[in-house]
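So the structure is just underneath, and the comments pick up after that.
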Protein chains: 2
Amino acid sequence: MGTTERKAKEKEELKALILKAARKLFIEKGIGQTTIRNIADSIDYSIGTVYVYFRDKNEILHALHTQGFVDLGGQLKVLFSVKDPMERLKAMGKVYINYGLDNPEMYDLMFTLRAPMEFLETIQKDEWDEGKASFDLLRTTVIQCMDAGHFKGHKLDPLCFLIWSCIHGMCSLEIGSRTKNANIKNPENIVTDAYDEFLIIISNL
Amino acid sequence: MGTTERKAKEKEELKALILKAARKLFIEKGIGQTTIRNIADSIDYSIGTVYVYFRDKNEILHALHTQGFVDLGGQLKVLFSVKDPMERLKAMGKVYINYGLDNPEMYDLMFTLRAPMEFLETIQKDEWDEGKASFDLLRTTVIQCMDAGHFKGHKLDPLCFLIWSCIHGMCSLEIGSRTKNANIKNPENIVTDAYDEFLIIISNL
DNA sequence: TTGAAAATTGAACAATGTTCATTTTTTTTG
DNA sequence: CAAAAAAAATGAACATTGTTCAATTTTCAA
């Protein structure tokens, strides 16, 4: 009886369709302007249907949150084809920044919004976290840098956190500057130029 | 006729009272759980009164946003009693981080929330921005560091942005880790340890 | 004291997240 | 194939929150 399997597949497809619509609206209109009604309308389903497939709005946010980390993590993983760990580290920063600036709404969802995580508190405390996986890619690379003789006199985890903070801080401030207040805009290319400074600094560590 | 002056003073006082109540509720229950009704109730006024003194919720958020930057800026200004610019720079980072970790809700309001700034778009595009003032304190200090022979081979503004990004990134990630997801917590003292790494690095530039 | 000006109020509206009894569609059964 | 059962989808209705505004209360000068 392949019916149940087909049903399961259809459920997955509709779930994916809802997520796709939600993501599209987030990017187009911003997260704040995206409502359940909007999402339902855009795929010609009713409000209630969305609630059949997702417990609440936070579950939708959390699903996209996960998608974002899988996406970013995937882009970072590709860089392990770069064998020199220091070169890979530099490339990872660039990829990360590009991801953030190209997908500001997703970046917000992943790093600044609080709501998607409130979902976790209700459900599964110890869920596998894709954010942790991305951080581990950085950590592995920094370890290899240390093995290659870099970063002498520095501690592994604090240094990883500092590097992530630098890159995240640039993304966060730049995205904020672009969307929050048009009057206090960062100078053109400030992120690119600051990242150049970052490269100089870590190259000499 | 001192009546009108007293009236003006009373208006200011009530405005301040509303802000104080709002700030208290923000800190106690979080920004998301603070409603206009909550604020009004807590000071025994009606909803409507709040709207007499503030155009909308965003104006309240923006007023607190300004207060936060004035507060942080004040703490940073005090450090100009430290004459050695490099020592002052180090102290500024510490003060900034302490402010963020001690006042996470205010920090969110100042750096991550989008709403307070939507207020500006409606009102005054070219308003004096306290955030810019705080940034200028950093910029002045970095200039003095350069005059003293530090940071050779680095560009002023990109370096300032990088430094701010580092510090802001640490605050942002740590605050997010503490509030968003209790499962993926940062290690104890990670910010302190990472800031130590930061100090080592900039000392050698 | 009185009437106008100022301040305050809270009922009412709109938007949004959410629930759930009802309806529609699909699948299974006889 | 028709009827019953199961599954899926619906949208009316409720709760909360931001917001408005006509009505009420308070203040104060004449």
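- For B:Ser177 (side chain) and B:Asn186 (main-chain N/O), a donor-acceptor pair under 3.5 Å exists by modelled atom type.
- The shortest heavy-atom contact between A:Ala194 and B:Pro158 is CB-O, 3.5 Å.
- In this structure, the CG atom of A:Asp56 is 17 Å from the P atom of C:dT16, given to the nearest Å.
- Here A:Lys132 pairs with A:Asp136 in a salt bridge; the nearest charged N to carboxylate O distance falls below 4.0 Å.
- Across all their heavy atoms, B:Met106 and B:Leu64 have their closest contact at CE-O, 3.4 Å.
- Of the candidates C:dG17, C:dA7, D:dA9, C:dG17 carries the atom nearest the A:Lys57 side chain, counting heavy atoms from C-beta on.
- The residue among B:Leu14 and B:Arg37 whose nearest nucleotide of DNA chain C lies closer to the 5′ end is B:Leu14.
- One interatomic measurement links the two molecules: CD1 of A:Ile60 to C1' of C:dT18, which rounds to 12 Å at whole-angstrom precision.
- Looking at heavy atoms from C-beta onward, B:Thr141 lies in side-chain contact with B:Phe80 at the 4.5 angstrom threshold.
- Ring geometry for A:His65 versus A:His62: interplanar angle under 30°, hence parallel rather than tilted (30 to 60°).
- Residue B:Lys15 contributes atom NZ, which lies 14 Å from atom P of C:dT8 at whole-angstrom precision.
- Contacts of residues 41-48 of chain A with DNA chain D (heavy atom under 4.0 Å): A:Tyr45, A:Ser46, A:Gly48.
- We find that CD of B:Glu59 is positioned 15 Å from C1' of D:dG18, with the value rounded to whole Å.
- Rounded to a whole Å, the CZ atom of B:Phe54 is 13 Å from the P atom of C:dT8.
- Taking atom CD1 of residue A:Ile36 and atom P of nucleotide D:dA13, one finds them 21 Å apart after rounding to whole Å.
- Nucleic acid contact class of B:Tyr53 (heavy atoms, under 4.0 Å, all strands): sugar-phosphate only.
- Base engagement by B:Thr49 is indicated by at least one non-hydrogen atom pair under 4.0 Å involving a base atom.
- The nearest whole Å value for the distance from the CG atom in B:Asn38 to the C1' atom in D:dT16 is 11 Å.
- Rounded to an integer number of Å, the gap from NZ of B:Lys29 to C1' of D:dT17 is 13 Å.
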Test side chain to side chain contact (heavy atoms under 4.5 Å, CB included) on A:Leu14 and A:Thr49; report intermediate values, then the result.
CA-CA 10 Å; A:Leu14 185 44; A:Thr49 302; 4.1 Å; yes
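- Remark: B:Tyr51 is not in phosphate contact with D:dT20, judged by side-chain N or O atoms under 4.0 Å from OP1 or OP2.
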